Engineer: 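Before we start, here is the structure in question, set down as structure tokens.
This is a predicted model, so every value here is computed, not measured.
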Amino acid sequence: MQPRPQLPHARSHVPADDEDLLSRFADHLTLERHLSSHTVDAYRSDLQHLGAFLERQGSSLVDAEYATLRRFLAHQMTLGYARSSVARRVAAIHTFYRWAKARGIVQTDPASLLGRPKVVSRLPTVLRSTEAVALVEAPEAEAGEAVDLVERAVALRDRAVLELLYGSGLRVAEVAGLTLDRVDLDRGRVMVLGKGSKEREVPLSDYASDAVRAYLAEGRHRLMGAGSEALFFNRKAKPLGTRDIRALVGRYGGRTLSGRHVSPHTLRHSFATHLLEGGADIRAVQELLGHASVATTQRYTHVSRTRLFDAYRQSHPRA
């Protein structure tokens with residue numbers, strides 16, 4: 001498979017007026033709609049690509065017409081971008097022009113008739129409970145065998161991170177953003193800051209509580225940076241980032257699951273599916289995951305139903 005061609009870096013090709021406009025739009029997304037920094041950055045990047053394309057067409061964000069926007073999206077498809085990526089750019093364009101029209105920046109919305117490419121909805125990858133447990137407990141052996149105190153601290157940290165991802169279903173950014181004051185081990189609770197800056201309280205399993213407690217007792221002070229209240233740190237004494245967490249999940253997943261690709265979201269998917277398979281109410285799972293709509297949570301019922309029918313076909317003599 002050939003690598004996807006890359007567009008030139010958009011920022012240097014976007015006119016100053018368009019950049020100022022995008023800064024105002026980003027402020028709107030952050031301050032008024034309370035979207036995550038990741039979403040704001042993604043929307044801004046998508047619109048910078050559009051702005052660069054429009055400049056090459058002799059136009060700008062304010063002067064864009066429907067036909068030009070259609071050409072931009074067709075251009076994206078010819079460059080090899082996935083339908084999901086193009087669909088996200090369409091969403092960014094729709095959101096931007098609705099905002100611009102509401103504020104009188106444009107008189108008409110050139111994106112109002114812009115269709116969204118159909119994206120095939122893939123069911124989330126889910127681990128068996130035995131697989132999830134094996135992955136989460138993988139750092140325990142490293143912690144026990146470690147001679148170097150820093151290596152033991154890293155292993156204790158990794159075990160705590162994995163327990164939070166699978167045992168509490170946290171998003172990778174939610175784990176990375178945890179601070180000491182948000183963890184209540186006595187009550188078995190953790191307060192997380194989710195999408196849209198919405199806070200929710202999530203239960204800690206006994207395993208997670210024990211793992212975090214062990215990390216705090218023997219690991220955190222060997223990794224922490226001065227003056228930071230972050231819960232987790234990397235080897236450079238900086239707060240553990242989302243990239244660090246994805247890397248550690250992939251590393252343990254490769255070791256314990258025969259080289260299969262595993263991400264933090266795989267553990268979150270598994271958390272939700274295992275709850276539903278155990279009889280949890282879908283509304284309760286929605287609250288635990290921090291989903292704004294139960295429709296998002298319902299994806300996991302399809303995964304559970306698939307396993308249900310698999311069990312039927314494998315077990316029933318008339319199946």
Side-chain angles (χ1 to χ4, degrees), residues 27 29-41 136-137 139-140 143 149-249 252 263-265 267-268 270-272 275 280 284-292:
D27 288 342
L29 296 178
T30 302
L31 302 175
E32 298 179 34
R33 295 189 57 180
H34 306 292
L35 298 185
S36 69
S37 59
H38 176 78
T39 300
V40 174
D41 290 344
V136 168
E137 293 183 351
E140 187 172 338
L149 294 179
V150 173
E151 292 302 318
R152 176 169 172 77
V154 168
L156 291 172
R157 177 204 68 191
D158 293 351
R159 174 67 187 274
V161 167
L162 292 170
E163 288 286 2
L164 287 168
L165 291 170
Y166 174 58
S168 298
L170 302 190
R171 298 181 178 95
V172 60
E174 293 170 347
V175 175
L178 284 176
T179 51
L180 280 176
D181 61 316
R182 290 183 171 271
V183 180
D184 188 339
L185 294 177
D186 293 332
R187 294 176 58 241
R189 299 285 189 274
V190 59
M191 184 68 71
V192 298
L193 191 64
K195 288 187 175 180
S197 298
K198 294 180 180 178
E199 288 190 330
R200 72 183 189 283
E201 193 175 49
V202 180
L204 285 175
S205 69
D206 290 341
Y207 293 105
S209 294
D210 290 344
V212 173
R213 190 174 281 109
Y215 164 70
L216 291 176
E218 299 183 58
R220 183 176 180 271
H221 63 282
R222 294 193 173 98
L223 299 173
M224 66 181 289
S228 176
E229 289 299 307
L231 179 60
F232 298 114
F233 296 88
N234 60 25
R235 294 176 183 270
K236 296 180 180 179
K238 295 182 179 180
L240 197 68
T242 56
R243 184 175 297 181
D244 298 317
I245 296 174
R246 290 190 182 94
L248 76 86
V249 172
Y252 289 110
S263 70
H265 228 56
L267 292 174
R268 179 170 158 86
S270 302
F271 163 82
L275 279 175
V285 177
Q286 176 192 357
E287 291 294 325
L288 290 171
L289 292 172
H291 286 160

Engineer: Spell out, as yes or no, whether a donor-acceptor pair under 3.5 Å connects the side chain of D210 to the backbone of Y207.
Structural biologist: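 Not confirmed, D210 side chain does not pair with Y207 backbone.
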Engineer: Taking all non-hydrogen atoms of both residues, which atom of P239 and which atom of N234 are closest, and how far apart?
Structural biologist: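 The pair with the smallest heavy-atom distance is O-ND2, 4.2 Å.
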Engineer: Could you tell me if the side chain of F271 sits less than 4.5 Å from the side chain of L288, heavy atoms only?
Structural biologist: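 A side-chain contact exists here, since the closest heavy-atom pair is under 4.5 Å.
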Engineer: Taking C-beta and beyond as the side chain, do V172 and V249 meet within less than 4.5 Å on heavy atoms?
Structural biologist: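 No - every pair of side-chain heavy atoms lies 4.5 Å or more apart.
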Engineer: Is the side chain of R268 donor-acceptor paired with the backbone N or O of G169 at a distance under 3.5 Å, no angle test?
Structural biologist: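 Looks like yes, one N/O pair under 3.5 Å.
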Engineer: With a sphere of 6.0 Å drawn around CZ of R33, does it hold more than 12 non-hydrogen atoms of other residues, nucleotides or ligands?
Structural biologist: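 Check fails, neighbour count at 12 or below.
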Engineer: With a 4.5 Å limit on heavy-atom distance, are the side chains of L185 and L216 in contact?
Structural biologist: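 Side chain of L185 against side chain of L216, heavy atoms only: contact under 4.5 Å found.
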Engineer: Could you report the tightest heavy-atom contact between L156 and E218, atom names first, then the distance?
Structural biologist: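 Nearest pair, atom of L156 first, then E218: CD1-CB, 3.6 Å.
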Engineer: I need the minimum non-hydrogen distance between A173 and T242, along with the two atoms involved.
Structural biologist: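 Scanning both residues, the minimum pair turns out to be CA-CG2, 3.8 Å.
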Engineer: Would you mind reporting whether T39 and L29 have side-chain heavy atoms less than 4.5 Å apart?
Structural biologist: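 Side-chain contact under 4.5 Å: no.
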Engineer: If we only count heavy atoms from C-beta on, is the L240 to L223 side-chain gap below 4.5 Å?
Structural biologist: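 A side-chain contact under 4.5 Å is absent here.
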Engineer: Under a 4.5 Å cut-off applied to non-hydrogen side-chain atoms, are L164 and F232 in contact?
Structural biologist: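 With C-beta onward as the side chain, the pair touches.
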Engineer: Between E151 and R235, does the salt bridge (charged side-chain N to carboxylate O under 4.0 Å, His left out) criterion hold? Intermediate values first, please.
Structural biologist: CA-CA 9 Å; E151 292 302 318; R235 294 176 183 270; 2.7 Å; yes
Engineer: Quick one: closest heavy-atom pair of E199 and L193, and the distance?
Structural biologist: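 Answer, listing the atom of E199 first, then L193: CG-CD1, 3.6 Å.
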Engineer: Working to the nearest 0.5 Å, report the span between NE2 of H221 and CG of L149.
Structural biologist: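 These two atoms lie 8.0 Å from each other.
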Engineer: Looking at R157 and F233, would you say the former's side chain and the latter's main chain have a donor-acceptor pair under 3.5 Å?
Structural biologist: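 Yes, because the side chain of R157 sits within donor-acceptor range (under 3.5 Å) of the backbone of F233.
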Engineer: Suppose the criterion is side chain to side chain donor-acceptor pair (under 3.5 Å): which pairs have a residue in residues 163-181, not counting sequence neighbours?
Structural biologist: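 Counting only pairs at least two positions apart or across chains, the side chain to side chain donor-acceptor pair (under 3.5 Å) contacts touching residues 163-181 are R159-E163, Y166-H274, R171-E174, E174-R200, T179-D181.
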Engineer: Considering non-hydrogen atoms only, spot the tightest contact between L162 and P139 and give its length.
Structural biologist: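 Heavy atoms only, the tightest pair is CD1-CG, 3.6 Å.
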Engineer: From R189 CZ over to S209 OG, what is the distance, rounded to the nearest 0.5 angstrom?
Structural biologist: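 So the CZ of R189 and the OG of S209 are separated by 9.5 Å.
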Engineer: Is any side-chain heavy atom of L231 closer than 4.5 Å to one of V175?
Structural biologist: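 No - every pair of side-chain heavy atoms lies 4.5 Å or more apart.
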Engineer: Between V183 and L204, does the side chain to side chain contact (heavy atoms under 4.5 Å, CB included) criterion hold? Intermediate values first, please.
Structural biologist: CA-CA 9 Å; V183 180; L204 285 175; 4.2 Å; yes
Engineer: Could you walk me through whether L165 and I245 pass the side chain to side chain contact (heavy atoms under 4.5 Å, CB included) check?
Structural biologist: CA-CA 10 Å; L165 291 170; I245 296 174; 4.0 Å; yes
Engineer: Is any side-chain heavy atom of R220 closer than 4.5 Å to a side-chain heavy atom of L180?
Structural biologist: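 R220 reaches L180 side chain to side chain.
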Engineer: Ignoring hydrogens, what is the shortest heavy-atom contact between L178 and R182? Give both atom names and the distance.
Structural biologist: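 Looking at all heavy atoms of both residues, the shortest contact is CD2-CB, 4.4 Å.
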